[in-house]
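For reference, positions follow the sequence shown, starting with 1.
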Amino acid sequence: MNRLPPLIDVHHHAIPPAYAKALGNRVAIPGVDYPTWTPEESLAVMDRNGTATAVVSITAPGVTFLDGDEDPAAARRMARTVNEYFAGLIEAHPDRFAAFAVLPLSDPAAAKDELAYAMDELKLDGAGVLTSYQGRYLGDALFEPVLAELAERGVPVHVHPGTPPTRDLATFDLPPSLYEFTFETTRTVASLLFNGVLDRLPELKMIVSHAGGALPFLARRLTYGPTIGRYLAERAPADVIGTLRRLYYDIAMSANEFALPALQKLADPARILYGSDFPFMPAAHTAENTAGFAEYDGWDEEERAAVGRANALALFPRLARE
């Protein structure tokens with residue numbers, strides 16, 4: 001096995017106690033066994049797999065499970081509670097944890113307020129968003145002011161897929177995280193491409209999950225938008241591939257012989273980041289994904305060190321100072 005640097009895991013989930021309590025018996029992700037979590041469990045898995053630091057985030061459904069609450073401020077309060085928990089976690093373990101602030105993006109004004117608090121007061125390391133909110137993907141004009149502020153601040157933003165806003169056929173009852181999550185990532189990036197958001201915000205530091213979902217496979221196909229429909233001529237980026245190459249890609253659930261070669265064709269190694277997806281994927285998978293990353297022969301050792309650590313240090317300067 002190739003020697004790995006002390007890893008920085010940018011796709012590592014936390015489940016704060018107050019969040020778990022509020023979620024209660026709700027179905028967070030259909031068909032998915034919702035895990036338990038403690039900081040100690042994360043630290044143990046990190047230690048076993050050579051991970052120096054985990055950048056934690058809330059996975060689907062974020063705080064959207066409170067969007068329909070009778071109290072319109074419920075989602076905002078939960079975001080604040082989670083982000084303050086993250087700040088406390090970092091204070092207790094400053095060299096082991098960083099965090100993506102959860103944003104209540106269903107309410108963009110509230111999301112901007114929470115972003116300011118999380119960055120300016122709590123000093124969190126980035127922001128985490130989902131692929132869609134109330135049936136709107138991230139390329140929707142509703143979200144651009146928040147994305148613009150993220151770009152202006154230089155804040156890394158991690159995009160995590162969620163359950164599709166439309167239901168599967170009743171006869172195709174598999175967990176959406178098994179296959180649909182990859183398509184949700186692809187859908188939201190396609191919406192960002194063809195609504196011009198990525199070209200208007202070239203400084204946006206956006207990390208997409210799971211090797212970009214289906215993006216490496218579909219990258220060339222996405223250049224055919226105006227060929228398929230002439231009305232897309234004014235909406236398509238001038239350079240679809242170049243725009244996709246400005247994104248960052250984590251390799252959670254993707255460090256294998258099928259996904260990495262496709263991702264490598266699309267993305268420069270400087271835009272690829274290590275991820276584990278713990279605890280929604282168990283400790284055994286973290287070991288498997290880390291071994292797959294170590295054994296992949298498509299990168300030289302300098303590139304492997306960049307993917308495992310150096311690229312994240314460039315995105316999260318606090319970690320370089322710890």
By the definition side-chain contact (heavy atoms from CB on, under 4.5 Å), identify the one residue from Leu142, Leu138, Asp140 that meets it with Tyr133.
Leu138
So, Thr81 side chain and Arg77 main chain: donor-acceptor pair closer than 3.5 Å or not?
yes
Sub-3.5 Å donor-acceptor pair from the side chain of Asn289 to the main-chain atoms of Ser276, do we have one?
no
N-O pairing of Lys123 and Glu91 below 4.0 Å:
no
Counting heavy atoms not belonging to Arg26, are there more than 12 under 6.0 Å from its CZ?
yes
Aromatic plane relationship, His11 with His210 - under 30° parallel, 30 to 60° tilted, over 60° perpendicular:
tilted
Could you verify whether a donor N or O on one side chain and an acceptor N or O on the other, from Asn195 and Arg235, lie under 3.5 Å apart?
yes
I'd like to know if the side chain of Thr223 and the backbone of Arg220 have a donor-acceptor N/O pair within less than 3.5 Å.
yes
Do Arg187 and Glu180 pass the side chain to side chain contact (heavy atoms under 4.5 Å, CB included) test, and can you show the C-alpha distance, the side-chain angles, and the key distance before you say yes or no?
CA-CA 10 Å; Arg187 290 180 185 112; Glu180 275 288 358; 3.0 Å; yes
Hey, what's the ring geometry for Trp37 with Tyr85, parallel, tilted or perpendicular (30° and 60° as the breaks)?
perpendicular
What's the spacing between Leu215 CG and Thr182 OG1 if we round to 0.5 Å?
9.5 Å
Can the ring centres of Phe65 and Tyr19 be said to be less than 6.0 Å apart?
yes
If you apply the rule side chain to side chain contact (heavy atoms under 4.5 Å, CB included), what do you find for Leu315 with Leu273, and how did you get there?
CA-CA 10 Å; Leu315 282 175; Leu273 304 154; 3.9 Å; yes
Whether Glu144 side chain and Ala141 backbone form a donor-acceptor pair below 3.5 Å
no
Asp95 side chain to Thr53 backbone, donor-acceptor under 3.5 Å:
no
Does Thr185 use its side chain to pair, donor to acceptor, with the backbone of Gly212 at less than 3.5 Å?
no
Is there a donor-acceptor contact under 3.5 Å linking the side chains of Asp9 and Thr51?
no
More than 12 non-hydrogen atoms from neighbouring residues, nucleotides or ligands closer than 6.0 Å to CD on Glu203, yes or no?
no
Which word best sums up how the rings of His160 and His158 line up, parallel for under 30°, tilted for 30 to 60°, or perpendicular for over 60°?
tilted
Heavy-atom check, side chain of Tyr249 versus side chain of Leu266, under 4.5 Å:
yes
